[in-house]
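The next block holds one structure in the form of structure tokens; read it before the comments.
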2 protein chains.
Amino acid sequence: MLKLSKKVEYGLIAIRHMASIESITTAKEISEHYKLPFDLLAKVMQKLSKNKIIASHQGIHGGYKLAKSADSISIMDIIQTIEGHIPGIVQCIDEGLEKCSIHQNCTIRNPLHKIQENLESVFNNLKVSELV
Amino acid sequence: MLKLSKKVEYGLIAIRHMASIESITTAKEISEHYKLPFDLLAKVMQKLSKNKIIASHQGIHGGYKLAKSADSISIMDIIQTIEGHIPGIVQCIDEGLEKCSIHQNCTIRNPLHKIQENLESVFNNLKVSELV
DNA sequence: AAACTAACGGACTTAAATAGTCGTATTATA
DNA sequence: TATAATACGACTATTTAAGTCCGTTAGTTT
Ligand code: SF4
Ligand code: SF4
């Protein structure tokens, strides 16, 4: 409950790595350096690349590097990219109100949505450049 | 990811219900009123009772009511009671550093622990009396 | 004392989300 | 043309969450 996924952790580690070096790097390099499962990391980096957070170069001396400055990438950008959406702490935020079978009797929605806002601002305000 | 469990939601609904009325109420009453699965709700309430957040009375006119004032119960109290522990956003908080297979190479631990602190204070500072 | 009703508690099953793997295609370079 | 990298989709396995079942215990009322 309330746990970040490993994919997000791997993404954060990879992004932080790229932010700390200047040159291009590869998924293999990162997976070996940090002992991360290669296939999983590779897919995470592909998503980050697709969303223009990192830039990719195929071919024999290819790899990845940051596509923007470290202080313009928020943790939420990374989470949203990897998970596909902003994570909600309750079903009605993720899937819409109607999807929750008890929404007509729900008395806790408003306060939980306030908590959600707090949570989002925490992840929005923390930038990659502050990952120290 | 980052989602509250239904057990916690059910607990919050039940607690809020008890906070809004004066008299004793039963698990059956709440489960019917809010259309919650009885067995699951019952176990949640038993945990809340065991941790002295609500008081139980067995027997034919028994039931539950709050054991303390609504402004002295935090959302974290409820979460901690139902989940059995304070939830950590990463493995090393829940299970200890050694349990994470990559902890020796982890570069993101410190900032994530900061986020954890933020998160905890949000849940600690919100009281049942503010569930509106 | 018997019947009733509500809390108590453990074991179990099912469903869903997460984590990890595999195979293959594409692309750029040397 | 061989090589090394990204790119993608399908698949399996593991873990967690959700829900159910069944029997027990304990007060109340008749
Ligand atoms: S119970 Fe209320 S807060 Fe939870 S998902 Fe349903 S509507 Fe949203
Ligand atoms: S990767 Fe780092 S932050 Fe995540 S659980 Fe392991 S030690 Fe903790």
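Being a predicted model, the structure only gives us computed values, none of them experimental. Residue numbering restarts at 1 for every chain, and letters A, B, ... go by the order of the sequence lines. Atoms considered below: every heavy atom in the structure, side chains included; atoms not considered: hydrogens, waters and symmetry mates.
Of the candidate nucleotides C/dA7, C/dT21, C/dG9, C/dT21 has the atom nearest to the side chain of A/Asp39. For B/His61, counting side-chain heavy atoms from C-beta on, the closest listed nucleotide (D/dA7, D/dT28, C/dC8) is D/dT28. Considering only the side chain of B/Met1, C/dT18 comes nearest among D/dG27, C/dG9, C/dT18.
The distance from atom NZ of B/Lys6 to atom P of D/dA18 is 8 Å, rounded to the nearest whole Å. When the P atom of D/dA5 is taken as reference, atom CZ of A/Phe38 falls 9 Å away, rounded to whole Å. Rounded to whole Å, the distance from NE2 on A/His57 to C1' on C/dT26 is 16 Å. Following rounding to the nearest Å, B/Lys43 (NZ) and D/dG19 (C1') show an atom-to-atom distance of 9 Å. If you take CD1 of B/Ile60 and P of C/dA3, they are 13 Å apart, rounded to a whole angstrom. Look at CE on A/Met45: it is 19 Å from P on D/dA4, rounded to the nearest Å. Between the C1' atom of C/dC8 and the NZ atom of B/Lys28 lies a distance of 18 Å, rounded to the nearest Å. Remark: P of C/dA7 and NZ of B/Lys50 are 16 Å apart, rounded to the nearest angstrom.
Residue whose closest nucleotide on DNA chain D sits further toward the 5' end, between B/Glu95 and B/Gly59: B/Glu95.
Put simply, the side chain of B/Ile115 reaches to within 4.5 Å of the side chain of A/Phe123, judged on heavy atoms. At least one side-chain heavy atom of A/Ile93 sits less than 4.5 Å from a side-chain heavy atom of A/His113. Within the 4.5 Å cutoff, side-chain heavy atoms of A/Ser5 are placed close to those of A/Glu83.
For A/Ser56, no side-chain nitrogen or oxygen approaches OP1 or OP2 of D/dA5 to under 4.0 Å. Not one side-chain nitrogen or oxygen of A/Tyr10 sits closer than 4.0 Å to the OP1 or OP2 atom of C/dA19. Residue A/Ser5 places none of its side-chain N or O atoms closer than 4.0 Å to OP1 or OP2 of C/dA17.
Judged by distance alone, with hydrogens and angles left aside, A/Gln58 brings a side-chain donor or acceptor within reach of the base of D/dT6, the pair sitting under 3.5 Å. Side chain A/Gln46 to base D/dA7: a donor-acceptor pair is found below 3.5 Å.
The residues A/Glu9 and A/Lys6 are annotated as salt-bridged, a charged nitrogen and a carboxylate oxygen being separated by less than 4.0 angstrom.
Residue B/Ala42 is classed as having no contact, given no heavy-atom separation below 4.0 Å to the nucleic acid.
A side-chain donor-acceptor contact under 3.5 Å links B/Ser74 and B/Asp77.
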